[in-house]
Amino acid sequence: MRYSKMLLPTLKEDPAEAEVISHKLMLRSGMIRKLAKGIYSCLPLAQRVFNKVQQIIREEMERAGAQEVTLPGVQPSDIWKESGRWEMYGKELLRFKDRNNRDFCLGPTHEEVVTDLIRREIRSYRQLPLNLFQIQTKFRDEIRPRFGLMRCREFVMKDAYSFDVDEDAAQESYNRMFDAYIRIFERCGLDFRAVEADTGTIGGSFSHEFMVLADSGEDAIVSCDSCNYAANIEKAEVKPPDTDIDNETLSRMKEARKVLTPGKKTVEEVTDFLKIKPDRLVKTLIYETDKEAVAVLVRGDHEVNEIKLRNLIDCNDLSLAGDDLIIKTTHAPVGFSGPIGLDIRIITDNAVSQMCDFVTGGNEKDTHLINVNLGDFKVDRYADLRVITNEDPCPRCGGKLSFKRGIEVGHVFKLGKKYSEALGATYLNARGREESIIMGCYGIGVGRTIAAAIEQNHDSNGIIFPTSIAPFQVMVLPINMDKSEVRDKSEALYISLKDEGYDVLIDDRDESPGVKFKDADLIGIPIRLTLSKKTSKDDMVELKVRRTQEVIMVKKDDLLDEIQKYLQYS
RNA sequence: CGGGACAUGGCUCAGCCUGGUAGAGCACUGCGUUCGGGACGCAGGGGUCGGGGGUUCAAAUCCCCCUGUCCCGACCA
């Protein structure tokens with residue numbers, strides 16, 4: 001490709017709209033341009049990177065036995081009503097009507113469509129297992145799109161769906177996809193972790209997320225230093241306390257007593273006022289669901305994990321109660337809620353079971369209770385309800401946990417029969433009995449993978465693409481273009497490298513050397529070959545490695561070997 | 001949806017407080033010089049100051065409404 005002919009509009013300055021590094025660099029390097037919030041055009045440079053990543057994905061999907069299809073992006077409401085997600089999915093699902101006033105949506109994911117296809121085509125266990133994948137544009141009307149391609153509304157996703165006869169076979173499909181994902185992200189040159197994750201609105205029983213490690217990541221993850229446990233913090237289990245309160249402690253428990261705490265509402269205010277540590281206090285949080293109000297008790301220095309809570313109490317909507325509901329249920333203003341005397345369900349975090357003589361709200365303005373004990377109120381249920389902290393041990397082996405931030409680039413789910421039962425996707429087994437198909441689904445955000453790669457591979461001058469996904473492998477950069485020998489040698493080199501099968505960009509623009517060098521660094525091509533009147537005198541080429549800044553002078557004859565060598569480790 | 005900020009030429013921004021001829025740098029066009037890390041000179045083109053309403057002799061500037069964008073939060077694969 002010739003730079004002079006390519007739509008490659010680089011920017012000198014950071015655009016005002018971008019916050020994170022990958023977003024800034026993708027705009028500056030002329031990869032993307034915004035059309036509307038969370039909706040981007042992908043320019044030629046980015047398209048080449050998309051093609052590279054998609055090619056890696058295709059190769060690994062096919063290696064794992066998946067077949068490529070293309071499913072419709074516009075989907076009728078019927079199948080979404082069958083799965084129950086027309087009601088569940090909420091505003092993220094972009095809905096509209098056709099000319100006949102029928103309801104449609106833009107596909108945010110394709111479980112319904114693919115299950116509909118399969119229920120019509122699969123009859124026998126002999127046709128299974130099956131795995132279908134596609135690479136396609138999805139639309140999710142995100143509440144808050146941000147960070148460029150990191151969280152878009154319209155985005156390119158690889159999604160795959162597996163269909164198996166039983167749990168064991170489904171586990172095998174899951175494992176095969178898991179391994180394929182490892183290979184894909186390794187081939188893309190990413191530093192990542194596979195972590196246990198919550199299944200969210202996709203549903204199903206079990207899932208792993210693939211997290212690219214980056215401080216700008218929106219997710220927090222924990223991983224064990226001793227064993228292979230790793231999880232999204234939303235999912236990370238807290239090891240349950242293994243001791244009961246002993247009798248001696250029980251015998252020392254005191255009688256609950258009111259104390260006045262005028263205007264002291266927050267944990268910090270109350271514990272400062274009473275001169276105790278936050279772990280001597282029990283927070284009472286009132287949550288509101290579509291069905292009921294519940295009280296949730298956690299230790300003062302712990303945070304409620306709303307995902308765990310949501311999974312535990314099985315409801316559609318869950319949120320902290322508003323002031324009105326708190327006054328109605330506790331008969332006190334916000335800040336003085338306590339468990340004693342409440343007539344709603346009380347769900348308590350496991351850690352509270354270890355506490356005695358603690359402080360709670362008094363359900364009365366400006367009042368707290370001290371020396372409260374578990375016998376003083378009824379607990380409907382104990383459960384793991386809190387966010388894991390860096391004081392908690394690994395839930396598997398008891399080892400030390402590390403906390404990191406990550407960008408979710410892939411997610412694999414075991415769906416079980418959730419969609420096959422809802423939509424009636426069945427097969428006949430060897431004994432002629434009808435069974436529901438066991439499904440799995442597997443997603444990769446292609447654009448997000450690219451953004452994540454840039455988050456991990458850049459310096460102050462611009463992007464440093466991993467060779468496997470770089471838009472070009474080699475850039476030929478002639479300066480002193482007024483000298484015909486430089487021009488001719490550059491052209492010849494460009495042609496010969498293309499003939500060797502390399503992706504080559506030649507900067508044939510009539511620009512000053514500084515401009516060319518800056519742009520070359522910005523767009524991050526792994527290898528830059530500079531030709532000038534200096535180099536052409538003794539028939540050498542200057543090779544610069546983008547990642548290491550290393551510069552070497554190479555003889556023409558050795559050039560291919562040197563390029564090969566450097567491409568391998570960048 | 002709640003809180004905050006912003007909207008002036010393609011980009012980055014000044015001008016607004018204190019109303020009175022729309023500016024700078026970069027980019028773009030032409031000519032010339034220059035050519036190893038975002039060159040220089042000369043000459044040009046391009047903006048109904050996000051939209052609507054109001055106040056005023058006069059609004060980019062003051063007031064109201066709307067829209068869009070960004071950040072934080074809630075929410076979310």
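Letters A, B, ... are given to chains in the order of the sequence lines, protein chains preceding strands, and every chain is numbered from 1. All values below come from the heavy atoms of this structure, side chains included, with hydrogens, waters and symmetry mates left out.
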Give the rounded distance in Å between these two atoms: [atom1] of [X] and [atom2] of [N].
X	N	atom1	atom2	answer
A:Glu511	B:U34	CD	P	17 Å
A:Asn480	B:U33	CG	P	17 Å
A:Leu11	B:G25	CG	C1'	15 Å
A:Asp510	B:U33	CG	P	13 Å
A:Glu19	B:C6	CD	P	15 Å
A:Arg144	B:C1	CZ	P	15 Å
A:Lys518	B:C35	NZ	C1'	17 Å
A:Met481	B:G36	CE	C1'	15 Å

**Request:** Select base, sugar-phosphate, or nothing to describe what A:Asp521 touches, counting heavy atoms under 4.0 Å on all strands.
**Result:** base
* To do: Using a heavy-atom cut-off of under 4.0 Å over every strand shown, decide if A:Glu306 touches base, sugar-phosphate, or nothing.
  => sugar-phosphate
*Assess A:Lys138 against A:Phe155: is NZ or CZ under 6.0 Å from the centre of the six-membered ring, and within 45 degrees of the ring's axis?*
no
Given the ring of A:Trp80, does A:Arg95 sit roughly above its face, with NZ or CZ under 6.0 Å from the centre of the six-membered ring and within 45° of the axis? no
Does the [N] base have a donor-acceptor partner in the side chain of [X] within less than 3.5 Å?
X	N	value
A:Arg509	B:G38	no
A:Arg151	B:C76	yes
A:Arg28	B:G38	yes
A:Glu542	B:G36	yes

Looking at the side chain of [X], which of [options] is the nearest nucleotide?
X	options	result
A:Phe517	B:G37, B:A39, B:U12	B:G37
A:Arg528	B:C70, B:G37, B:U12	B:G37
A:Val515	B:C35, B:U12, B:G38	B:G38
A:Glu142	B:C75, B:G37, B:C76	B:C76

_ring-ring contact (aromatic ring centres under 6.0 Å, His included) between A:Phe210 and A:His208, intermediate numbers included_ = CA-CA 7 Å; A:Phe210 289 78; A:His208 281 95; 7.3 Å; no
Any side-chain heavy-atom pair from A:Leu43 and A:Leu45 closer than 4.5 angstrom? no
Can A:Arg386 and A:Asp349 be said to form a salt bridge (charged side-chain N to carboxylate O under 4.0 Å, His left out), step by step?
CA-CA 7 Å; A:Arg386 65 181 174 92; A:Asp349 180 64; 3.4 Å; yes
Can you find a side chain N or O atom of [X] that sits less than 4.0 Å from OP1 or OP2 on [N]?
X	N	result
A:Arg310	B:C76	yes
A:Arg146	B:C71	no
A:Lys12	B:A27	yes
A:Ser532	B:G36	no
A:Lys34	B:C70	yes

Does either side chain, that of A:Asp198 or that of A:Asn311, offer a donor lying less than 3.5 Å from an acceptor on the other one? yes
[N] and [M]: how far apart are their [atom1] atoms, nearest whole angstrom?
N	M	atom1	value
B:C63	B:C17	P	9 Å
B:A27	B:G9	C1'	11 Å
B:G46	B:G38	C1'	23 Å
B:A59	B:U21	P	11 Å
B:G68	B:U55	P	27 Å

Pairing partner of B:C6, by Watson-Crick or G-U wobble and under 3.5 Å for both distances, is B:G68
Walking RNA chain B from its 5' end, the first of A:Glu234 and A:Ala18 to be reached, judged by nearest nucleotide, is A:Ala18
Under the 3.5 angstrom rule, does the side chain of A:Ser536 hit a backbone N or O of A:Val486 as a donor-acceptor pair? no
